[in-house]
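When a residue number appears, it is its place in the shown sequence, counting from 1. First listed ligand is number 1; within each ligand, the first listed atom is number 1. Side-chain atoms are counted along with the backbone in the values below, which use heavy atoms only and exclude waters and symmetry mates.
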Amino acid sequence: MEYLTIAMPKGRIFEEALELLKTAGYDLPNEMEDSRKLIVEVPSEQLRFILAKPMDVPVYVEHGVADLGVAGKDVLLEQQRSVMELVDLQISYCYMATAGLPDTVMNDVAPRVATKYPTIATTFFKEKGEQVEIIELNGSIELAPMIGLADRIVDIVSTGRTLKENGLVEYEKIADITSRLVANPVSYRVKQARIRDMAKRLQQAVGEMQR
Ligand SMILES: Nc1ncnc2c1ncn2[C@@H]1O[C@H](COP(=O)(O)OP(=O)(O)OP(=O)(O)O)[C@@H](O)[C@H]1O
Ligand SMILES: O=P(O)(O)OC[C@H]1O[C@H](OP(=O)(O)OP(=O)(O)O)[C@H](O)[C@@H]1O
């Protein structure tokens with residue numbers, strides 16, 4: 001059996017993804033969660049995990065240095081990389097939405113939208129026929145309307161707490177987001193049996209987790 005390399009996002013998704021792999025029958029060491037190692041090999045399962053920033057997962061998979069990856073749909077929509085989406089893992093649910101100060105309309109001369117997701121935001125407003133200036137930020141996006149930097153934000157909403165505590169309201173929902181198993185197309189051909197087996201087992205595990 002040959003090694004499968006899987007790019008995993010550090011952070012929020014990691015734990016849930018590991019849980020799902022365990023439910024799918026993979027025997028993974030418990031200390032993986034606490035380790036600071038960036039490459040973790042599990043010889044008994046012939047698996048190698050590389051732990052990456054969530055936004056970088058599709059990069060490793062597109063370049064083929066990882067055969068597979070786990071990435072949020074938000075990241076996949078934003079990155080537009082050539083990777084195959086194999087399984088909706090139904091974990092780390094959240095949604096993408098526009099938000100802003102309550103009872104405000106967008107500035108009709110020079111509307112500004114702050115976001116960590118410039119591609120998603122541009123596509124969304126283009127489809128509505130609205131031309132906006134995108135202001136790219138790396139976090140704390142909710143600050144932008146509060147401080148007068150932008151009329152709207154495009155960002156992830158989960159519990160809605162961040163919006164609420166900062167006096168913002170949601171305007172439009174853009175897309176539901178869950179994490180996906182993605183594959184490099186060449187790996188998928190060359191290591192088809194192993195990858196298909198993993199996809200099938202994960203799909204089953206998704207069903208079990210939902211029961
Ligand atoms: N409340 C949430 N906020 C952000 N991402 C969430 C949330 N709930 C689920 N997710 C999912 O988790 C992923 C982000 O994980 P995480 O928050 O660990 O990374 P990040 O903050 O984007 O990363 P970093 O700041 O380290 O680059 C998103 O791509 C999304 O799919
Ligand atoms: O609806 P909620 O449950 O409040 O979650 C949404 C918030 O969580 C994320 O931020 P994150 O914690 O990743 O911090 P960031 O601002 O540094 O991106 C996201 O960008 C929102 O700000």
Under 4.0 Å from ligand 1 - residues by heavy atom, chain and number: Lys10, Gly11, Arg12, Ile13, Lys53, Pro54, Gly72, Asp74, Val75, Ser92, Cys94, Lys116, Ile156, Ser158, Ile177

Contact check: Thr162 vs ligand 2, nitrogen or oxygen atoms, below 3.5 angstrom: yes

Heteroatom proximity flag, Val157 to ligand 2, N/O under 3.5 Å: no

Arg12-Ser92 side chain donor-acceptor pair, cut-off 3.5 Å: no

Full working for side chain to side chain contact (heavy atoms under 4.5 Å, CB included) between Asn30 and Lys22: CA-CA 10 Å; Asn30 287 328; Lys22 287 180 185 171; 3.0 Å; yes

Heavy-atom donor-acceptor pair, Glu78 side chain to Thr119 backbone, under 3.5 Å: yes

Non-hydrogen side-chain atoms of Met8 and Leu18 separated by less than 4.5 Å: yes

Nearest protein heavy atom with distance in Å, relative to atom 6 (C) of ligand 2: Ile156 O, 3.4 Å

Atom 15 (P) of ligand 2: the protein heavy-atom neighbour that sits closest, reported with distance to 0.1 Å: Ser140 N, 3.7 Å

Worked check of side-chain hydrogen bond (donor to acceptor under 3.5 Å, both in side chains) between Arg152 and Thr98: CA-CA 6 Å; Arg152 293 284 185 269; Thr98 66; 5.3 Å; no

The one among Ala99, Ser158, Gly139, Gly160 that brings a heavy atom closest to atom 17 (O) of ligand 2: Gly139

Atom 9 (C) of ligand 2 [closest protein heavy-atom partner, distance rounded to 0.1 Å]: Arg12 NH2, 4.1 Å

Arg189 and Ser187 side chains, donor-acceptor separation under 3.5 Å: no

Shortest protein heavy-atom distance from atom 3 (O) of ligand 2, along with the residue and atom involved: Thr159 OG1, 2.5 Å

Salt-bridge contact Asp151-Arg112 (side-chain N to carboxylate O under 4.0 Å): no

Short side-chain donor-acceptor distance under 3.5 Å, Gln79 and Tyr117: no

Greater than 12 external heavy atoms within 6.0 Å of Lys200's NZ: no

Side chain, backbone, both or neither: the part of Asp155 lying under 4.0 Å from ligand 2 by heavy atom: side chain

Sub-4.0 Å atoms of ligand 2 with respect to non-hydrogen atoms of Glu142: 21 (C), 22 (O)

Salt-bridge contact Lys116-Asp155 (side-chain N to carboxylate O under 4.0 Å): no

